[in-house]
Amino acid sequence: MRLPALFSVPGDALAGTAATGASPSTRTLLAIASSLCLYEAGMALNDWADREVDAVERPHRPLPSGRIRPAAALTAACALTGAGLALAAGAGRPALAVAAPLAATVWAYDLGLKHTPAGPVAMATARGLDLLLGAAATSGSTRPALPSAVLLGTHTLAVTTVSRQEAQGGSPVPPLAALATTALLTLLVTHRTSGGPTRGRRPATGHRTAALRADRYPGTMLSPGPTSSPSRRPPWSQESGALLTTAFTAAYAATTTRPYFHAILNPSPPLTQRAVGAGIRATIPLQAALTARCRGKATALLIAALAPLGARSAKKVSVT
């Protein structure tokens with residue numbers, strides 16, 4: 001259960017919440033707790049399923065080294081999965097409706113899909129569903145968060161593809177494709193700052209108000225009269241959101257570009273593992289950028305604050 005990777009999890013639910021235009025709530029916290037449990041369940045199950053392979057390629061890991069019994073790892077995976085589903089249920093039926101296929105995807109990846117061509121797609125699906133879990137728990141709807149889920153899932157797809165050769169090294173093509181994906185996502189995220197859904201119902205104004213009056217009083221000529229205009233965010237607020245989006249996207253690109261480039265030049269196991277670790281850490285600034293472009297500036301800053309904590313813990317425990 002690799003602690004540094006956990007810092008990349010809360011931003012999923014928070015980015016999903018921002019995409020719906022809602023503010024984080026108690027249900028958002030339940031979604032984050034559910035995500036953490038399901039993520040750690042996948043970690044334990046992964047080591048249990050790969051214990052024979054790790055005995056050859058990575059004998060220092062807890063199971064092949066004998067520090068943890070396989071039965072204990074499997075029990076932990078089952079318990080964490082149950083806890084994750086229970087927490088999602090506490091956030092409401094929409095959240096559970098997303099958490100259930102998320103848990104199924106995690107188990108399918110670890111037990112069967114990991115070493116197949118469908119493996120990276122399954123991992124990308126899991127990360128996208130994790131973002132949608134936050135949206136469903138907070139607002140009951142996932143549709144507004146679909147674009148953010150696709151962008152985050154695409155990044156995960158690229159990182160997972162590179163990780164498939166981190167133990168033995170291999171071709172420079174996967175890190176090259178990941179580098180191109182990073183460039184594409186950088187352009188897509190910074191192309192425009194999403195306004196996000198309008199909070200609440202937009203008040204009737206102008207001619208619409210006059211039409212409503214005419215319906216009530218047929219045959220009369222009524223002027224629109226004074227009406228309240230819809231609330232508008234000041235320009236400085238929009239500009240600050242755009243600046244934050246650009247800054248976090250730049251941090252995302254900077255985190256991955258150099259390690260990917262080194263893995264392209266020399267796709268050896270150490271450099272490939274370093275590229276995978278960078279890709280996992282880059283998930284945090286990408287989440288922050290997706291949140292900032294949906295006007296969740298305070299939440300984006302909170303997500304970004306997790307990055308140095310993850311980097312510090314990564315010096316003690318490997319994220320891969």
Side-chain angles (χ1 to χ4, degrees), residues 2-19 31-32 35-36 38-40 42-43 46 102 105-106 109 120-135 145 147-163 166 174-175 177-179 181-186 188-190 244-245 247-260 273-294 296 299-314 317-320:
R2 292 170 278 284
L3 179 63
L6 279 183
F7 291 99
S8 71
V9 177
D12 290 343
L14 293 173
T17 297
I32 292 174
S35 297
L36 291 171
L38 294 177
Y39 193 92
E40 287 288 33
M43 288 285 195
N46 173 76
L102 171 57
T105 302
V106 170
Y109 173 81
V121 176
M123 183 64 75
T125 301
R127 182 66 78 165
L129 286 172
D130 202 33
L131 187 146
L132 295 179
L133 176 58
S148 294
V150 171
L151 292 173
L152 187 61
T154 301
H155 166 71
T156 306
L157 175 67
V159 177
T160 308
T161 302
V162 176
S163 71
E166 64 178 338
L179 183 61
T181 301
T182 298
L184 176 61
L185 292 177
T186 299
L188 290 175
V189 175
T190 57
L244 276 179
T245 302
F248 290 140
T249 308
Y252 159 67
T255 303
T256 58
T257 298
R258 187 173 181 179
Y260 283 162
Q273 292 171 16
R274 189 175 301 174
V276 174
I280 295 174
R281 292 193 303 273
T283 303
I284 298 177
L286 178 58
Q287 293 164 339
L290 293 173
T291 302
R293 79 193 289 261
C294 294
T299 305
L301 291 171
L302 177 62
I303 295 173
L306 298 174
L309 297 176
R312 181 177 299 179
S313 61
V317 181
S318 172
V319 295
T320 61

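What's counted below: heavy atoms across the whole structure, side chains too, no hydrogens, waters or symmetry copies.
- You'll find the side chain of Asp12 stays beyond 4.5 Å of the side chain of Ser35, heavy atoms only.
- Within the 4.5 Å cutoff, side-chain heavy atoms of Tyr109 are placed close to those of Thr160.
- Atom CG of Leu151 sits about 11.5 Å away from atom OG1 of Thr181, to the nearest 0.5 Å.
- Listed here is the closest heavy atom pair of Leu36 and Pro10: CD2-CD, 4.4 Å.
- Within the 4.5 Å cutoff, side-chain heavy atoms of Tyr252 are placed close to those of Leu185.
- Sequence neighbours left out, not one pair with a member in residues 148-161 passes salt bridge (charged side-chain N to carboxylate O under 4.0 Å, His left out).
- Atom-to-atom distance recorded for Asp130:CG and Leu38:CG is 7.5 Å, nearest 0.5 angstrom.
- One finds the OG1 atom of Thr125 at 10.0 Å from the CG atom of Leu102 (value rounded to the nearest 0.5 Å).
- Here the closest non-hydrogen pair linking Ala122 and Thr105 is O-CG2, 3.3 Å.
- Considering only heavy atoms from C-beta on, Tyr260 stays 4.5 Å or farther from Thr255 through its side chain.
- Contact check for Arg127 versus Thr283: side-chain heavy atoms found under the 4.5 Å cut-off.
- Distance CG/Leu157 to CG/Leu152: 11.5 Å, rounded to 0.5 Å.
- Between Leu6 and Glu40, some side-chain heavy-atom pair lies under the 4.5 Å cut-off.
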Applying side chain to side chain contact (heavy atoms under 4.5 Å, CB included) to Ile32 and Val9, what does each step give before you reach the verdict? CA-CA 7 Å; Ile32 292 174; Val9 177; 5.8 Å; no
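- Heavy-atom minimum distance, Leu309 versus Phe7: CB-CE2, 3.6 Å.
- Counting only heavy atoms from C-beta outward, the side chains of Asn46 and Arg2 approach each other to under 4.5 Å.
- Heavy atoms only, all atoms of each residue included: Ala13 and Ala31 are closest at CB-CB, 4.3 Å.
- Side chains of Val162 and Val159 form no contact here, defined as non-hydrogen atoms less than 4.5 Å apart.
- Thr17 approaches Gly134 most closely through the heavy-atom pair OG1-O, 3.4 Å.
- Rounding to the nearest 0.5 Å places CG of Leu188 at 8.5 Å from OG1 of Thr154.
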Full working for side chain to side chain contact (heavy atoms under 4.5 Å, CB included) between Gln287 and Leu14: CA-CA 8 Å; Gln287 293 164 339; Leu14 293 173; over 6 Å; no
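- The minimum heavy-atom distance linking Thr161 with Pro120 is given by the pair OG1-CB, 3.7 Å.
- Rounded to the nearest 0.5 Å, atoms NE2 (His155) and CD1 (Ile280) are 8.5 Å apart.
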